[in-house]
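Comments concern the structure below.
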Amino acid sequence: MARTRNNKMTTIKNPEKYVLPLNFYRRDTISAARALLGKILIKKVNGKWAGGYIVETEAYLGSDDPACHAAGGKITDRNRVMFGPPGLSYVYFIYGMYYCVNVVAFNEENERAGAVLIRALEPVFDIVGMKKRRKTEALEELTNGPGKLCQALNITREDNARKLDEGNLLIIDLPGERRPVIESACRIGIRRGCELPLRFFCKDNPFISKHKKG
DNA sequence: GTACCGATGTTCT
DNA sequence: GAACATCGGTACC
């Protein structure tokens, strides 16, 4: 079975009840990147919860990772949240028109500054709204890329540095979900730090991002 | 299917 | 200036 989804819910009433505690993210970044697969990212947009299952992530390891925005350990206005406590969102603007959303992970002594990039979702909640915001009717094109899923969920710079266990942007874990089979490969779209397999995704899931090489 | 290419604004050198 | 954790389009095989 390729898909992560294991129930027939299309709306969700009290997601706060199922949020992952911020302690969940207090682990090394690779472990967090793997553990987030099969969890659900949602945002409340126009009164409705939109989102779906996380099916692809990438680990950015912090100060020692040349591809990480925290490389070198220098704190800037953009990367500041990565040096704070785990469980907060890190949203940045890229290529002049897109946003990408990360989750800040393990952060020993505020030095390592790791984060997990959410690269793709399996769309489940508020499909109608996501189609409208993405300007397409194709289900498989709604959230199969980091820029696309932010557009579908209306994630912008206003969602930066938010705690993911409260508010309008949440990561939840519904009871009774099966554990996905995880595969790994090299990260996408970066020039430095391509050696290690730090991209993780659900095996055979049809909503993985498109890319040239893996 | 693969291969470029332009859009567009912020960040960094 | 150049690079950028992207995407949608066009051209061609």
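Letters A, B, ... mirror the listed sequences (proteins, then strands); counts begin at 1.
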### Intra- and interstrand pairs of DNA chain B - dot-bracket, Watson-Crick/G-U under 3.5 Å, | marks other strand
|||||||.||||.
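A cation-pi arrangement is present between A/R157 and A/F93 under the rule of less than 6.0 angstrom and at most 45 degrees off the ring axis.
By the side-chain contact (heavy atoms from CB on, under 4.5 Å) test, A/V19 pairs with A/D165, A/L170, A/I172, sequence neighbours left out. In terms of the side-chain hydrogen bond (donor to acceptor under 3.5 Å, both in side chains) criterion, A/N14 has no residue partners (sequence neighbours excluded). Remark: A/L88 engages A/V81, A/P85, A/K163 in a side-chain contact (heavy atoms from CB on, under 4.5 Å) (not counting sequence neighbours). With sequence neighbours left out, A/D159 forms a side-chain contact (heavy atoms from CB on, under 4.5 Å) with A/K43, A/V91, A/I155, A/T156, A/R162, A/L169. Residues satisfying the side-chain contact (heavy atoms from CB on, under 4.5 Å) criterion with A/Y98, sequence neighbours excluded, are A/I94.
The phosphate of B/dC12 (OP1 or OP2) has a side-chain N or O of A/T76 nearer than 4.0 angstrom. Taking side-chain N and O atoms only, A/R192 has no distance below 4.0 Å to OP1 or OP2 of C/dA5. Within the 4.0 Å cut-off from OP1 or OP2 of B/dT11, not a single side-chain nitrogen or oxygen of A/H69 is found. Applying the 4.0 Å criterion to OP1 and OP2 of C/dG8, one finds that A/K148 has a side-chain N or O inside that range. The phosphate of C/dC4 (OP1 or OP2) has a side-chain N or O of A/R191 nearer than 4.0 angstrom. Side-chain nitrogen and oxygen atoms of A/R187 include none within less than 4.0 Å of the OP1 or OP2 phosphate oxygen of C/dT6.
Checked by distance alone, A/Y92 brings a side-chain donor or acceptor within 3.5 Å of a matching partner on the base of C/dA5.
For the pair A/N144 CG and C/dA5 P, the computed distance is 19 Å after rounding to whole Å. The distance from atom OH of A/Y95 to atom C1' of C/dC7 is 10 Å, rounded to the nearest whole Å. Rounded to whole Å, the distance from OH on A/Y99 to C1' on B/dT10 is 10 Å. Look at CD on A/E141: it is 7 Å from P on C/dG8, rounded to the nearest Å. Summarising the geometry, the separation between CD on A/E56 and P on C/dA5 is reported as 16 Å, rounded to the nearest angstrom. Atom CZ in A/F200 sits about 18 Å away from atom P in C/dA5, given to the nearest Å. Rounded to whole Å, atom C1' of B/dC12 lies 12 Å from atom CD1 of A/I94. Taking atom CD of A/Q151 as the reference point, atom P of C/dT6 lies 14 Å away to the nearest angstrom.
A side-chain donor from one of A/Q151 and A/R134 sits under 3.5 Å from a side-chain acceptor of the other.
Using a 4.0 Å heavy-atom cutoff across all strands shown, A/Y98 reaches at least one base atom of the nucleic acid. A/D77 comes within 4.0 angstrom of no nucleic acid atom, judged by non-hydrogen atoms across all strands. Residue-level contact check: A/G96 touches the bases, meaning some heavy atom is under 4.0 Å from a base atom.
If you take CD1 on A/I188 and CG on A/L198, they are separated by 11.5 Å, rounding to the nearest 0.5 Å.
Both A/N102 and A/R134 lie near DNA chain C, and the one whose nearest nucleotide falls closer to the 5' end is A/N102.
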